[in-house]
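What follows is a short report on a single structure.
Side chains are part of it too, since the values below use all heavy atoms of this structure and drop only hydrogens, waters and symmetry mates.
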Amino acid sequence: MNRFKPYIAGLFLLFSASLAAAEYPLEVQKITPEIYALVGEMAQRSPDNYGNNSTHGVIITSEGVVLIDTGGSYLGAKQIHKAIQNLTDQPIKWVINTGGQDHRWLGNGYFKALGATIISSEAAQADQEERTDTQLNRLTTLIGDSLTGTEAVYADETFTSKKMLQLGGLTLEIHYEGSAHTAGDSFIWLPAQKVIFSGDIVFTERALGIGPAKNAKSWLAVFKKMARYQPEFIVPGHGHVATLAQATQDTHDYLAFLISKITLMVEDSEGIIAATELDQSRFSYLKQFDSISRKNAQDLYEQLEFDFF
């Protein structure tokens, strides 16, 4: 008998237990008896969060579930499904990708295999297709083996600017109004419940990144169009369920501040180094502010300089 086997087996069990404990759970927030937010970590993507450093939505009806955004990986999708199974036995009938960022769609394959129909804007699907390799390569670095099983699966149905969905007596409107954090970001409006799922049009509690769309002015315009619906609750792309006032403070006001200040710096030819030194401390309460604020100023300066000249 190999006297090291029990020792090795014990180490394996301890290692497995530590892995299970390390998994970053999704926080469930109840908005109504049928509507929930699944709030992920607000730090960077990691092996422990499976790329789910984002907020997702669940709408339960008598005919099935609508899922808003599928997670950053196959394992991230599986984690989302487990959270849903704790809420309902209803099958997942519809999946809506609110945009082209990895945690909005790279779990599609998991839910497609369960029989769900996947929907996105045409612009989001084009963005997903264009950036698939880049996103998968980056996730390989960030989450490693937690990317196992992940494949690029795109929407079954796309729309140009608006799509209506009805399931179990519940009505949803999906709106695409232009580029925001990514080129295809859309929001979902539930008029009877006065709830909006904003995807990456809204960041609360943590600092937004100017994003791959590189069009902060369009993002600000899209936010204003979304805000006209006057929702009572917003499920953001990052952060906990918020009021319109909080979403305005954390997203709209930050974008408006940066655009105003950096525009003046571009007009005065102050240079990109000066832009990175802009005093943004008014928004320093936001998580990840220190790691992203200077880059935001740099990225926006480059955008506005290109437009100006």
Side-chain angles (χ1 to χ4, degrees), residues 40 45 51-57 66-73 76-77 80 94-109 111-112 116-139 150-165 172-190 196-203 208-229 234-239 247 251-252 255 299-300 303:
R45 299 160 184 81
N52 288 350
N53 64 333
S54 43
T55 299
H56 310 262
V66 180
L67 169 64
I68 316 297
D69 297 322
T70 59
S73 64
I80 289 170
W94 296 96
V95 163
I96 303 171
N97 298 154
T98 61
Q101 201 72 330
D102 47 17
H103 35 230
R104 305 292 157 212
W105 73 281
L106 277 174
N108 282 357
F111 293 102
K112 176 78 170 177
T117 299
I118 303 166
I119 301 170
S120 76
S121 70
E122 292 175 356
Q125 181 165 312
D127 182 38
Q128 292 165 6
E129 291 175 348
E130 181 179 348
R131 296 195 295 130
T132 294
D133 289 344
T134 300
Q135 292 188 15
L136 289 173
N137 288 337
R138 183 167 183 249
L139 283 169
T150 306
E151 295 181 357
V153 174
Y154 307 109
D156 302 297
E157 299 181 12
T158 60
F159 65 95
T160 303
S161 60
K162 182 178 179 179
K163 184 175 180 67
M164 302 283 290
L165 273 184
L172 299 83
E173 302 174 7
I174 316 173
H175 295 266
Y176 172 68
E177 298 285 358
S179 297
H181 181 66
T182 70
D185 288 333
S186 56
F187 63 90
I188 297 100
W189 168 235
L190 282 69
I196 278 180
F197 293 88
S198 71
D200 285 333
I201 296 168
V202 176
F203 285 57
L208 60 84
I210 290 299
K214 298 188 181 302
N215 194 338
K217 288 183 178 179
S218 175
W219 187 347
L220 190 62
V222 169
F223 183 100
K224 290 176 179 178
K225 290 176 182 177
M226 180 199 72
R228 290 175 189 161
Y229 289 86
I234 293 179
V235 181
H238 297 269
T251 295
H252 172 280
L255 284 170
D299 288 348
L300 186 55
Q303 291 174 36

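Contacts of Trp189 classified as ring-ring contact (aromatic ring centres under 6.0 Å, His included), with partners at least two apart in sequence or in another chain: Tyr229. Under the side chain to side chain donor-acceptor pair (under 3.5 Å) criterion, Glu157 pairs with Lys163, not counting sequence neighbours. Annotation: side chain to side chain donor-acceptor pair (under 3.5 Å) contacts of Ser121 (sequence neighbours excluded): none. For Asp299, the side chain to side chain donor-acceptor pair (under 3.5 Å) criterion is met by Lys295, not counting sequence neighbours. Partners of Thr158 according to the side chain to side chain donor-acceptor pair (under 3.5 Å) rule, which considers only residues two or more places apart in sequence or in another chain, do not exist here.
Under the 3.5 Å distance criterion, the side-chain polar atoms of Thr70 are left unmatched by any main-chain donor or acceptor of Ala77. Side-chain N or O atoms of Gln125 include none that pairs as donor or acceptor with a backbone N or O of Gly100 at under 3.5 Å. In this structure a side-chain-to-backbone donor-acceptor pair under 3.5 Å is missing from Asn97 to Ser120. Side-chain N or O atoms of Asn108 include one that pairs as donor or acceptor with a backbone N or O of Val153 at under 3.5 Å. Counting only distance, with no hydrogens or angles, the side chain of His181 and the backbone of Gly209 share a donor-acceptor pair below 3.5 Å. Judged by distance alone, the side chain of Ser54 and the main-chain N or O of Gly237 form no donor-acceptor pair under 3.5 Å.
Exactly one residue among Ile119, Leu172, Asp156 makes a side chain to side chain contact (heavy atoms under 4.5 Å, CB included) with Trp94. That residue is Ile119. Screening Thr132, Asp69, Leu139 for a side chain to side chain contact (heavy atoms under 4.5 Å, CB included) involving Leu106 leaves a single residue, Leu139. Checked options Arg45, Arg138, Gln128; the residue passing with Asp102 is Arg45 (criterion: side-chain hydrogen bond (donor to acceptor under 3.5 Å, both in side chains)).
Shown here for Ile234 and Met226, the closest heavy-atom pair between the two residues is CD1-CE, 4.1 Å. Between Ala180 and Ala213, the shortest heavy-atom distance links the atoms O-CB, 3.3 Å. In plain terms, the two heavy atoms of Thr182 and Pro212 that are nearest each other are CG2-CG, 3.7 Å. The two atoms that bring Ile174 and Ser186 nearest to each other are CG2-OG, 4.0 Å, heavy atoms only. Closest heavy-atom contact between Gln101 and Asp200: CB-OD2, 3.7 Å. Glu173 approaches Met164 most closely through the heavy-atom pair CG-SD, 3.3 Å.
Here His175 contributes atom NE2 and Ile188 contributes atom CD1; the two are 9.5 Å apart, rounded to the nearest 0.5 Å. Between the CG atom of Leu208 and the NE2 atom of His238 there is a distance of 9.5 Å, given to the nearest 0.5 Å. Rounded to the nearest 0.5 Å, atoms OG1 (Thr98) and CZ (Phe187) are 12.0 Å apart. To the nearest 0.5 Å, atoms CG (Asn52) and CD1 (Ile80) are separated by 4.5 Å.
By the 4.5 Å heavy-atom criterion applied to side chains, Leu190 and Phe197 are counted as neighbours.
Within a 6.0 Å sphere centred on CD of Glu122, other residues, nucleotides and ligands contribute more than 12 heavy atoms. Other residues, nucleotides and ligands contribute more than 12 heavy atoms inside 6.0 Å of the CD atom of Glu129.
A salt bridge is absent between Arg104 and Asp185: the closest approach of a Lys/Arg side-chain nitrogen to an acidic carboxylate oxygen does not fall below 4.0 angstrom.
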Report all side-chain donor-acceptor pairs from residues 216-225 shorter than 3.5 Å, counting only partners two or more places apart or in another chain.
unit_1	atom_1	unit_2	atom_2	d
Ser218	OG	Ser179	N	3.4
Ser218	OG	Ser179	O	2.8
Trp219	NE1	Ile201	O	2.9

